[in-house]
Every structure is written in structure tokens, then in C-alpha cells.
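Note: hydrogens, waters and symmetry copies are ignored here, and every other heavy atom, side chains too, is used. Proteins get letters first, then strands, A, B, ... in listed order; numbering begins at 1 in each.
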Number of protein chains: 4
Amino acid sequence: MATTRFSSVLSSIAERGLSIMGLSGSGRKQADAAGIIELCHMLLSSKGEASGIGLSFEILSQYRQLDEDEKTKFFHALGQDFSPDRDAVESTAKAYIELPSPRNLAALASATVPVRQELLMRLNQAPDATRHLVNMRADLLARIKHDRELELVDREFVQLFTSWFNRGFLELRNIDWHTSASILEKIIRYEAVHGMSGWEELRGRIDPEDRLIYGFFHPRLGDEPLIFVEVALMEQMPGSITDVLASNQETAVEAANTAIFYSISNCQKGLLGIPLGNFLIKQVVEDLQRNYPRLKEFATLSPVPGFARWLQQARAGNGDTLLPEDTIAAIEAVGNGEWWTDEKLSRSLEKQLVPAIAWYLCEEKDSEGRPIDPVARFHLGNGAKLERINWAGDISTGALNASLGIMVNYRYQLDEIERNHEQFANSRTVVASASVMQSAKAFRNLIKKADVARKRSEAESAEETVEDLTV
Amino acid sequence: MATTRFSSVLSSIAERGLSIMGLSGSGRKQADAAGIIELCHMLLSSKGEASGIGLSFEILSQYRQLDEDEKTKFFHALGQDFSPDRDAVESTAKAYIELPSPRNLAALASATVPVRQELLMRLNQAPDATRHLVNMRADLLARIKHDRELELVDREFVQLFTSWFNRGFLELRNIDWHTSASILEKIIRYEAVHGMSGWEELRGRIDPEDRLIYGFFHPRLGDEPLIFVEVALMEQMPGSITDVLASNQETAVEAANTAIFYSISNCQKGLLGIPLGNFLIKQVVEDLQRNYPRLKEFATLSPVPGFARWLQQARAGNGDTLLPEDTIAAIEAVGNGEWWTDEKLSRSLEKQLVPAIAWYLCEEKDSEGRPIDPVARFHLGNGAKLERINWAGDISTGALNASLGIMVNYRYQLDEIERNHEQFANSRTVVASASVMQSAKAFRNLIKKADVARKRSEAESAEETVEDLTV
Amino acid sequence: MATTRFSSVLSSIAERGLSIMGLSGSGRKQADAAGIIELCHMLLSSKGEASGIGLSFEILSQYRQLDEDEKTKFFHALGQDFSPDRDAVESTAKAYIELPSPRNLAALASATVPVRQELLMRLNQAPDATRHLVNMRADLLARIKHDRELELVDREFVQLFTSWFNRGFLELRNIDWHTSASILEKIIRYEAVHGMSGWEELRGRIDPEDRLIYGFFHPRLGDEPLIFVEVALMEQMPGSITDVLASNQETAVEAANTAIFYSISNCQKGLLGIPLGNFLIKQVVEDLQRNYPRLKEFATLSPVPGFARWLQQARAGNGDTLLPEDTIAAIEAVGNGEWWTDEKLSRSLEKQLVPAIAWYLCEEKDSEGRPIDPVARFHLGNGAKLERINWAGDISTGALNASLGIMVNYRYQLDEIERNHEQFANSRTVVASASVMQSAKAFRNLIKKADVARKRSEAESAEETVEDLTV
Amino acid sequence: MATTRFSSVLSSIAERGLSIMGLSGSGRKQADAAGIIELCHMLLSSKGEASGIGLSFEILSQYRQLDEDEKTKFFHALGQDFSPDRDAVESTAKAYIELPSPRNLAALASATVPVRQELLMRLNQAPDATRHLVNMRADLLARIKHDRELELVDREFVQLFTSWFNRGFLELRNIDWHTSASILEKIIRYEAVHGMSGWEELRGRIDPEDRLIYGFFHPRLGDEPLIFVEVALMEQMPGSITDVLASNQETAVEAANTAIFYSISNCQKGLLGIPLGNFLIKQVVEDLQRNYPRLKEFATLSPVPGFARWLQQARAGNGDTLLPEDTIAAIEAVGNGEWWTDEKLSRSLEKQLVPAIAWYLCEEKDSEGRPIDPVARFHLGNGAKLERINWAGDISTGALNASLGIMVNYRYQLDEIERNHEQFANSRTVVASASVMQSAKAFRNLIKKADVARKRSEAESAEETVEDLTV
């Protein structure tokens, strides 16, 4: 509570600092990148503390008023103006090569560190600065996609954020109906997997005794969650999201033996690549176990966001995998009308597509040998096991488009997590249940058959051509 | 509050991590530096998270059990085993010299960063790790004094601590009689200027309405204060510490117009050199102003810890300054008996010694041109003004030994702080009141006279010698 | 925080208590009044503590399951079964008449206290009991209107609630966007003056810096507010609710000099008649003054809920006041169409109706000599002054129906509150501004004129009759 | 936290109220009972709220300045001036006898309630009033012992306190080294059983993991504990207080299976007779069970404060029980020197005195049939079982004087507590273990023998006398 009282102290010091420099008040001109860069140089050369805080505050405020073009200019200037001095690097490098002493090494190391790093650390003095810097990096990342030159600017953000968001600084919190509205509205806004229409729906996910949300917070980001996970306590592992979200499914907490993680949302785009999520699940499992000793199983109910895209590419022949005819027919059938109302049809589609998705999850890998499905990569990388594939797990339009309505359970077994994790990290082994393995294997046979068929057909048509020629 | 609940979660994960690695439990052998270094290598190569936390926890625990010799060995191993690879630095340096591209710069920069840095960041995952690392650095600093080779090991500590203890992460808190005993006992222990005998004395410094303590805390150090300042609200600027500490001096808060900072204590030896203190006073001034709008003056009542030492050296002729005879006589008189009971004697000593201390504070500088007195350096560097010198301000034995009983008021004027600070930073200007300046000037004349007298006497004795010779 | 941890301890004890008595678990029959009354007798004779808490818990749970008829039966039984014993009262009364000793007085006093009081106190041991008892009284009050016999049952509720909700036990709290959702949803639900459609509208009333809500809470009711007041900081006293609620009206807090209380809502029907509200405003004024020293004026913007009803009765000739013809015409015009879009018409209606409402507020009194308008009674009784009448202050349908769209400012002047309050309490003096007084006086003349005219017309028609007769 | 902010609001209102009445400020005369009583009459007739709070505040302040004599006068005036009106009671009594209607009953009941009750409720409005009223009652109770006339004044205190300190309002809290110094210093001060010399000793009772303190608090008494219990988690039921308090006895919490309540202290003399304690132990047992599921036994290690006094009276022949000669010899031996260093002697004394104390605890009853030992009465009344008698359990001087050094374990068995409690409440049954029962029975035989012996000796001496006479 003392914190709140003192939070405005910092703002006063910033104000005072600005007024000392004659920068405060109204008569300021429209913010632009060049002006901000000039302030950044002032900040790096300033010695006064209040003026330093004032400048940081002013820079971050002006930055937020920039339009998209000026922001781009700002990042480019960051890349050019605050990089290491080439001559200094060269001369210290030469000195080290001549005499590799600790002193020369230290000089070389210092010379290679861009002043950008010092700049970011000084900016972080301003009130609320960490939050603004996280948002600044989000802007930067949006540009990097199209502008690889900016990648080098990101380096110092990553280094500082890795240090500031070091696991030890993260705070696990329980989010419930007694949590402040200020935090809860952010949960509504950031939920990325199964969106909420508003407060009543949120309430349904935190107020019942068997529904929980846990989040990671950081002391300097205040009410801003970094990442959160939604949990349902249930009597068995659910196969469909309806089992979890339907409001009349409330379980007596005493009877619950399974904790289901049914939604994990990253909240801060500016923290992309700073590892937060895997650690969250482990801590939550630990806390759940302690508070609900009857819980025996911990698992997710997860989407398979990349499945449809992969199928499409495979049909287009872009990948290594050749889809069997029946699979292609099934994909088309899924796109046409409400098959789930026709149980027989549904069964036959399931028979085609479950092996395909098993194959996709277990065998389709990216350039580093990891599953191409991002959710699979996340949980398997965390040490979970691919437990079960659930046909018609989510028949909302979005889910049908992304994963043909299939959902997956990844299972967290406390005694196995670390071993699975190490295996995955070292040899990219995907741990899956026997039945999922079987499905994937079945699909392998279909592919082979399809391949053989194709080759045969190619051979035949080649023969035909030959025959033609012989005419 | 949620934090408390979750704090033990981390320990459980650490325990689990250790047991996975077969390291937990009793059968462990006596800790030694070599064993810990081995664990450090394991930590750097480990990929599992629980095992990483477990290893960090184990390393920090074993470190605390080391005896002094083994700790020294550990630091030396840290310096040797986890430094940058010489070949890698050389080859990347050469590549950069050949082609100074961003990519080659990045490669060179990476090669110069010791893995020690990654090691310290990983260690920081363990429960309570930041506290243990701060203590570890305290051990390191104690060794560096005698063993300059260890300096390079300190570099990564400084870098990480500067980032972790970045001002933005510090929390200002009010410490009063409602504060937890766990924090208060540390205040008693860490008070370094006017020590407290126990709880009752502490109570006298926080429970009266006109006595306050403010401290900086860090989210990861929990109840450990980083630095704190003790404040008395008074009706005028006091000249003697008795005015402040005497229990019957309570001021009606409504009548107070002056806030006196009468004690500032650094608590963490392991944070030496990480800047904390100057910022504290500024925030406290801001907060006091807000809560006690009647306050008009902010000043310290400070010791002059280096005065006696300097006098001694000057007498021994080690410095540039030649002490006048009367000053020397006065110094001796101060050491002999209770002069403060004899008002006339006290006055005459004051007349001799106040100019001397004014000179000492304003004119005696270190190699960087800053005052040699550490307290003067601190406050003047903060932007305060040397306002007043108080004869017989503290006649406790310690104070008599260190500063001949003299105390000083440094004054913080809100409108001047930044200007003073910049002037000091740029041109080492010491800002002092007219009367202090006058005293220093008076002493300058005395020195000159003494110098002249000495030269004359030397000349005379030379003449005498000459005369002798002519005989 | 400790509280939360321990709150479930009480429930466990209650459970244990019930199981000791063989009452816990499923096999219980449908709750009815007779069964509960039986449990009440058990509770009064029980000596065990766990069993007492268990019984209280069970009684309150079963009560909540009763249908309306059974609740009525329960209250009648409360009135009959737990009243003082007639013989005991008689004999102790006789003993006292014979010998009016302290001992005999004490015996008589004890005999007159119904065991209902002890029963309610024992019920209050159960977890959450106070809240359930407040709701029970709400049920009772709803019945008393039609069933005066139950009034005697209310006596003990009033006595205990007066003691439990003694001002000293009430907690003033600031309600803002950082407040828990659990409290905020109750604010939405209980707002009785200017209803809110949902969370976004609530946010507009607490999140802007110049909009505040204060509420009274009670340690045993947890998140349940007792009463709350909504405040707007403004640059002048507003005349229309639109000035307050329009979302684009945000005032710079620094510029605000006026605090407007624009809505006060009682939350607990079961606390009717237990005084809470007047004290709330005084504490809020005190707190506002402290936190916003620039505030100079404190006033309400209030509805006049009884005005239209009074006009109707006056037109029907039920009261003492005879409405002038022009007033009646104006009332009708207000009911017909959107007069506020026609400025000239609006002005002419204002001229008629403002004097009427001034008269209504200042002169129309209830049987105890207090204003018949409940809101006027509340604020004038609190020591406020009737400052200004605002034509077209609220043209929502409800407000047009209740007060012809007029709103009123009651002004709280710190130096006058107590004097006004005492005057009102002692001599029913209504304190009003000169202009309101003027308006009321003007209306008095109109009434007199109307009266004279009527009497003349009656006389004339009487004469005509006479004439007729003389024909 | 909001609470703190608002606590001074009340003081401001009180100040304002006083200044309205011209009572504030310095020029007040010395407080005396007559003046305060006059203010009490003003308070009862005051209608203003601020003035009411101001008056209450003033009355309570002046009361605290009274000397002992004036306080006595004040209580007598409270008894005389604020009692029910004799005529009103008589006339309403007569009316009821004539017509015992509900209305007449209500009138009679009202007439018998002293205005003292209304006075105390109004006093309770002032800031901190509840605390001051509790202290006022402590003063009253100290007088009642010698002045039975004041008993009637206590009646309204008891009624209001019973309502205000109704169990539902009490808050259980854990007290540990993180608790505020303000609370901890009260724990040191109030500890009544095994006194603490200061903060270090307190720390030893709350900081180790296996040592806990729980207390009851009340929302209106702030940091003032009402009652607290000290707990040690141990591996077996200890027989000596040294086993508990010795600092090197720390138990691994994981190994602990027994929770020992070794000290219970009431803190507020002014709450004597308001039941708090028994409920505390039950809640603590419940909380311990939840947090330390390995705990199997809950017991006290208690003194027997009345044993020595009873022995003395028995020796003096004041009671019904005649002490055997050997017992008397043992009592004397205990008073002479350090018998505990002589194991053989110690054993023989134990053999004599353990049966005596078993008898004392089980058989010596007060006028209501309850054990005369207050600690036995408390725990047995709570539902505990007298489990074991420990020879030489506490050989501190105080304990030797009060109980000949013997300590007792009362055992709380969760499944038995309520049954034991009901049995004790209904039939005064003392539940004791077989071995204690045996000891008591053994002593019964000794008494009988002693009685027989005495009678025989009397008979003999009578015979002798006869013989003499016959001479």
C-alpha cells in the first residue's frame, strides 16, 4: 500500500526535472522522431537525476504520440545513432589480438556494447517506463517482420527484458471475482483462445469454485498480466470445449480429480520470445496439487491451430507429404454443412482425419526438428505428453477453419515432465500415448499406399506416352 | 498476499528438480568450491527447468556452507572457468576488422560476454536467489581489496545488479511502529551512524509523530531494506545530535517547519557502488512536502567522518596543507578532558577548529577533484549546500575521535538541488553558505601566515647555519 | 489476509457441530417454518459451542429455502414462541412495585427481554450470519406493512442492529476501478437514483480522476456495501444531471472547486431505519477536503421524488394547498410533448413551476413538521441548505414523472452544517437561499390570490344561486 | 488500507464538533467527575452528530485524566444519574399488570432500560471509543470487588460488550515475526503464564517454524489482541515446560505430530466474563489440522495455579479435605531446597504429591460444582480431558510456589470435545485419563485412612481426657 502513496512522488520528480530544463508545459511542438532522438542524446549526456527522470518521461510521452511513420524513423535512428563506435571496436579488437589480457578484453567488451543499452536503462527510470518500453518493443517487432535491418535494435531490448523479466521477478497470482476490475478487464481483453463477450462470461470462468485463473505479474507492470492460464477442475479429461465452458457443468470441487488448462494467453506482444509460459504451468500444477490434494491428472484441452493450413499446403503439393484421396474427400466434407448432426457421417470423417492430425502433430517438423504446430511445440517442449485427439472438440467457425474442429489433450504428469522435457530438448522426441502413435502409424501406411498408387499411375501414364510414341 | 502463498511453490519445484537429478536429501558430502563449480557447469548445460531451479538452489545453498578459503577458491574458479573463450574472441575480432558488418559486430560482442553472466542469471531463478547473490558479492568485494585479480569477476555482478536494481524497481516505504518486526530488527542491525541499543531506542525513532524512517526496498529482497534514512521534524535546524535524539524533544508536528535527515545507512554491502542513496533523499523530500505542507527546510545533521584523520595526516606533514600552530594546539586540547564543560575554553577551541573544518570540507579534494570527506562528497554530489558547521554537535567518544565533535548541516533546497548537482558533476563546485565560505577563507589566511612563518623560520635557521658557517 | 485464511475454519466447525448432532448431510427433509422453530428451541437450550454454531448455520440455511408463506409463518412463530413469559413479567413487576430495589429492577428488566434477543445473538455466531440476519429483517419489513402484529418481532432486530451497526463499526472506503469486481457488481445492482446499464457505465463513474464513489462497509458484511454516494468534482455547481453524467465533461482535477454528490443509494433493505446515511456525507466531505484542498463548495444535485405526487393530490383537493390555475395549466403542458426543445415555452413553464416546487420543499410538511419530500427531509435534516432549484435538470421519463424534470442543489457548508442540523432538529427550520425563499413567497401570493378568486367565485356562484332562488 | 486513510477523518469531525460547542482547545479546566457527568447529560440531549462525536471524544479524554478517586465518583454518578426512572417503571408495571398487552409490555421493557445503555452507545461513536470503554470497564471491575453497589453499573457494559464482541465479530490471526511491532509489543506485555523478558525471547516463540501464536482481534480494537495462545509443534506430549521453551529443542515441522498449547493469556481486563477463550482453542485446532495434516494430538501443557493455595487451606483445616501426614511432610520438603537434583528424593515426593493434585483437580469443586482450579475449569469446560500429571514440570520459583512445580496436560480430542463439553456443562463430569483417575482414587484412600486415624486419635485423646477426668 505504501507503494501507491509513493507512486506519484516519481511523477513529481519527473515534472520538476522537466521544468528545470525548460521542457515542461504546453508550448511544446508536435512530437517527431528527430526531436525525440535529440532528447535521447540529451538523456545520455545528462548528469542530473531529476532532469534524467524528466527527460525519460518526456521521451516516452512523445514517443507515444508519434504516428506510424515517425515511429519507423525513430527505430531506424535508434539503430544508426546509438550503435558501437566502429573505430573504438577496431582499435580495442586489435589491442586484444596483440595482447589478450583481461584488461584488453574488458575494453573490447565495453566497446562492443551499443549505447542503446544505456539509453534503454536510463529510459526505464521514468514512472511506468517498463510498461512503455514493452509497448515500444511491440511496435518494433511489428516492423522487424518487413524490415530485417531493425533486428539489431531488438538485441538490447531482448537482453534487458531477459534480465528484468528473469523468472525470479515474476509473481504468480490467483485471479478471481475478488480481483480488481482493472485487472479483470485486461483478462477479458487479452483472452486469445476462447474469447469472452464480457463481464458475465468472465465471471463464469472465475467465480465458480471449480473454475480458476492464474496469471504471472511483474512488480513494475502493476495491473498488467504477462500471461494467464484458465483452469477447470473436472471429474474426467474432457474431449470437447463445450464440456468446459457450458455454464451448467459445475463440478463439486470435492469430486474433481482432473485439472484442465483450457486456455493460455500471452498478454504482452512486447515480450515475445522472453520465456514465461512453460514456467507458469509448472507453478500452477504445483499450487493446484497443494490446494486440491484430490487432483490426480493435469492436462490441457488445446486447439491445433496449424492443422488446416498444413492440410491446404499438403493438398497443394507444397510439402513432403502426399495426402490420400480419402483424406482429401474428408477435408472437403468437413467444409460442407453441419456434419456433426449426422452421427454416421461424423464417425466416418473422424476415421479419416484423426490419423491425419496424429501424423501432423507427431511427424511434421520445422527446420529445427520441432513440431510445426505452435501449440504442440509449446506443450511438448514443456514436457507434456500428447495424450488424446478429440474429434469434434470445438465446432465453432474459427475452430473448424483452423483445425477442422479437432481438439487435443496434452497431459502433464508430474513425474515425467522433466524427463520428457529433456528428451524433447535434446533429441526432439515427441512423447505421445499409444493410441495417438497408432493413429500416426496408420496414416503413414495410407501415405505410403497413396505414394505407391501415385507412382504406379505415373508409371502407367508414362507407359501410355511410350506406347503413343511407338505408334 | 498472493505472493506469500506462492513463495513455497518455487521451493517445491526446486526440490523436485533436485530429486530428478538424484541430488536431494541427506547423503551429500561436505560442500567445497570444486564441487560447486562442477554444479555450475551442470547448470549451464542443463535444459530442464525444474532441474535448473533445483541446481541453482543447490549451488547457492552449498556456497553458504563454504568456509572462507573455499569461498576464495570459488571466486578464482569463477574468474578462470567462465571467462570468454580466447580463440573465439580473437577470431571474431579478426573477422570484424576485416569486415565491420553488423553481423560480425554482433558475433564479436557475444564472444566477449563471459558465460559468468548467463551463470548468474540462471542462479537467480532459485527461491531467494537475489538475496544470496547480493551476499555473494559482499564476500567477493571483501576479497577484491587484497586480490585485484578478482576484479574482473565483479564486472558481471555490477552489470546485472545495475539492471536488477535499476531505479524503477526500487520501492520507497515508510517504516514505523506498525512495520513488521522482521524489517525493524534489520533497521536496528544496519543503523550505521547513530547506533541503537535495541527496540526501545528504535521505537523512539519511529513511533513519535515527528520521527520518521524511509527506506528503499526491492521486490525480490523481501524484508531486506537496501538503504534507509531517519528523519526528525523540528522547529529549527539543529546544531547538535542531542537536540534530535533526546527523548523529551518531541515537536508538535503542526509546528514543525524543518525536516532533518540525521542518519543514512546503507544496508547491503553487496550493493556497494550500485547507486541508491541520492535518489532516496530526493523522493523523501518530495513525499514529506506533500504530507507536511508546512515544512519549509530540508537539511541533514551529519558527521564529518574524515576530519580527524586528515588533521593527523596534515600534522604529520603528509598533505599539502600546513597546520597553523594554534590549530595544532587546539586539536591537542580537544583530546584532553571535557572541554565542553568549560564554556570559555570551548569558545576558543571553536574559533580555531571551525575554520579548519570549513577548509577541510571545501578545499581538500581527492584525485578526481571531489571532497575527500565521504559524507560531504555524498551530499554535495546530491545537490545539497554546505550550510552550517556546528561546534560540539556530537560529543560521544566516537564522534570526538572522528570529527572532534563537530557536526554539519547540508541543506537541500528544492529549487537548487539540480543546479548544484550539475555544477558539482561538471566542475566539482562545492556550494557552501557565505559563513562557511568565510571560515574557509579565514583558514586559508592562517595557512598562508603559517607557511610564511615557516619559510621565514627556515630562512632564519638557514641564515643561522650560514652565520655558523661564517664563524 | 489472515481473515480469508480463517474464514473457512468457522464453516468447518459448523459442519462438525452439525455432524455431532446427526443433522448434517443429504437426507434432510424439505425445510419448513415448524422445523426451523424447533431448531431454534434446540439452539437456545444447546450448551455445546460447535453444536451451537452448527445449529445457527443450519437454521439460517433452512430459512433461506423457505417459500414466502413459510417465512410468514416463521415470523409469526418468532413473535409467539420467543416472547417474555407473562407470569414472570407480572410477578417481577409486582415485586418491584412492592420494593423498588435495584435487584428487583434488574429482575424485572430481565423478565421483559424476549428470548428472541438471545436467539438472534446465537444465530449471529454462524459463518456469514450477520448478512443473513439483515436479509431476514428485509423479509420481515416487507411483511410488517400489511401485518402490524409482526412489529413487535422487529424490536429485537432493531436493538441488535443498532448495536452492531453502531457508527464506530462502520468503515468508510473509496470505491474505484481497482476495487474488486465482487464489490463493483453490487454498486451496479444497488444504484437507485441514476441507474447504470453495466460495467462500462460504472467505469465512467469511478475511473476518471474527477469521479469518485465512497461507501460504508461493515466488517461482518464483507463485500456488501451498506450505503454509497457518488461524487463528481466540477468547476461549478451543475444544474442538470447531464452536466454530471455526460462522458465528455471530464474536469481537470486541479481546476475543480466543487464536489457534487449526485447519487446516494442505500443497499440493504434490512437496515431500514438504522441511521447510516447522514454520517456518510459528513465523513466524505471531510475526506474530500483533505485530499483536494482546492475544493470550496460541497453540494448535491438531487431529485425531488415527491413533487409530482403532491401536485396530483393538491389538484385533487386532498391537501391544504389550492393550486393556481396557471400552475395547473403548466403541469399539463409538461406532460405533453418535448417542451424542452421550445425555449420560449420552457421559460414560461419554469416561471410557473419553480415557485410551486419552492413552496413544496419549504412549506409542505409531514405530521412531525418535517418536509414531506424524503430527499429534502434527508439533506435538510443533515444540516444542508436548500440552495438552488434547477429547471429541466433531468428530462428522463422517470424524472419527468416524479418531479416534472426539476432538480435541486442542497449545499453543505462546513461551518453551517451543525447549526442548521440543530435548528432543524429542534425547530424544524428549513434553511434555504434567498432566491428559493423568494420563489416560495411568490407562490404563497399566488395561492392566496387563487384562494381569494375561488372564494369570490364561490361567493358569486352562491349569489347566483341566491339570485336564482329569488327569482 | 483505506481504513487507515479514513481513521483520522473521524478525529477531524470530533474536533469540529467540539469547536462548535466552544469546548475545544486549551483553556479547559482540570477534569473532574462532576464535569464529565455534565458532559454526559449534554451528550444524551445533543442532536447534532458532529457535536455528539465531539462530546463523546471529550468525555472519554477527560475520563482518562481522572485520578482514582474521581473515577470512583464518576462510576457512582453513573449508577445514580442514569438509572431507570422509578415512577416510569412503576406506572408501566402497573399498566402491564392490569392489561398484559404487547404494547404495555414494550412500554415496561423500555422503562426498565437505564439511559446508561444509550449513553455507552453514544460514547462508542468517538474515535477509538471501544478501546477506551473496555479500559473504563477494567477500572469499574477493580472497584466492584470492594463496592458491590457498582455492580448494577456493570450490567450495561456486559450487555453491550456481549453484543459487540459476539463471536462473529472476532478475527483469528496468526502472529509471527512478520507481524507489526505494535502488536508484538503487546504480546510481550500481556503474556501472563510464562513471561517474556523481551524481544529476543518473543522471537524464539514465533520465528521458529515449529512455534506459533494465534490471537483473537476485534475490528474496532485495532492492534489490541483480546486473547492469544502460544503453540509448539512437537514430536510427543511434553511433561516439562523446559521441553517447550528451551531454545535448542526445535522440531522439524515435518516430524511433528503433536500441537501443544503451552500458554493462554487474556489481554483485556475490561472484557472479563465476556466469553472468548474456549472458542479460540477450537478454531486454532481446526486451523492447525488444516495446515499441518500430520498433527494427530492436541494438548496443553498447563500450570495448576490454585494447588498450593488449596493445600495451605487444607492444612489449616479450612476445607473438607484432611491431608495425610505424608502429604504434609512432602509439601514441606518441596519448600526446602533443590530436591530436583536428588532423584531419589524427587521420586518419593512425586509419589506423595501426584495423587494429591489428581484429587485436587478431579474432586475439589466450587459452589457451582465446577473444579476450583481455574485452569482446570477452563479446559475441562472447553471439552478437554485431563490427560496426564507431570511431576517437576516447572521448577521456576513462581511455579513452585503456586503448584509445587507440577504441570498438567489437558488433551483436546476432536471427536470428543463436544461430548465432553456437554457432559461437563450438564452434569459437571470431569473427564480424566485412567491413570489420573487412579491417582485421585489412591488419594481418596489416603484421606480416608487419615480421617480414620484422626478420629481414632481424637477418640484416644478423648479417652485420655476421660481418663484424666476419671483421675
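Checked for salt-bridge contact, B:Arg419 and B:Glu416 meet the test: a charged N lies under 4.0 Å from a carboxylate O. The pair A:Arg122-A:Glu118 counts as a salt bridge, with a side-chain nitrogen and a carboxylate oxygen less than 4.0 angstrom apart.
Heavy-atom pairs under 4.5 Å with chain A peak, among B:Leu152, B:Ile417, B:Val89, at B:Val89. Across B:Ala109, B:Ala129, B:Gly79, the residue that shares the most heavy-atom pairs under 4.5 angstrom with chain A is B:Ala109. Contact tally against chain A (heavy-atom pairs below 4.5 Å) for B:Ile97, B:Thr92, B:Thr130: the top residue is B:Ile97.
Interatomic distance, CG of A:Asn104 versus CG of A:Leu108, reported as 8.5 Å (0.5 Å rounding).
For a residue to count as touching a neighbouring chain, one of its non-hydrogen atoms must lie under 4.5 Å from one of that chain's; by this rule B:Tyr96 touches chain A with the side chain only. The contact between B:Ser110 and chain A is made by backbone and side chain atoms together, counting heavy-atom distances below 4.5 Å. Heavy-atom distances place both the backbone and the side chain of B:Asn124 under 4.5 Å from chain A. Heavy atoms closer than 4.5 Å to chain B are found nowhere in A:Ser83, neither backbone nor side chain.
Cation-pi contact between A:Arg155 and A:Phe157: absent, since separation from the ring centre below 6.0 Å together with deviation from the ring axis within 45° is not met.
The distance between the ring centers of B:Phe169 and A:His218 falls below 6.0 angstrom.
A donor-acceptor pair is defined here as one N or O able to donate and one able to accept, closer than 3.5 Å; such a pair exists between the side chain of B:Arg116 and the backbone of B:Leu78.
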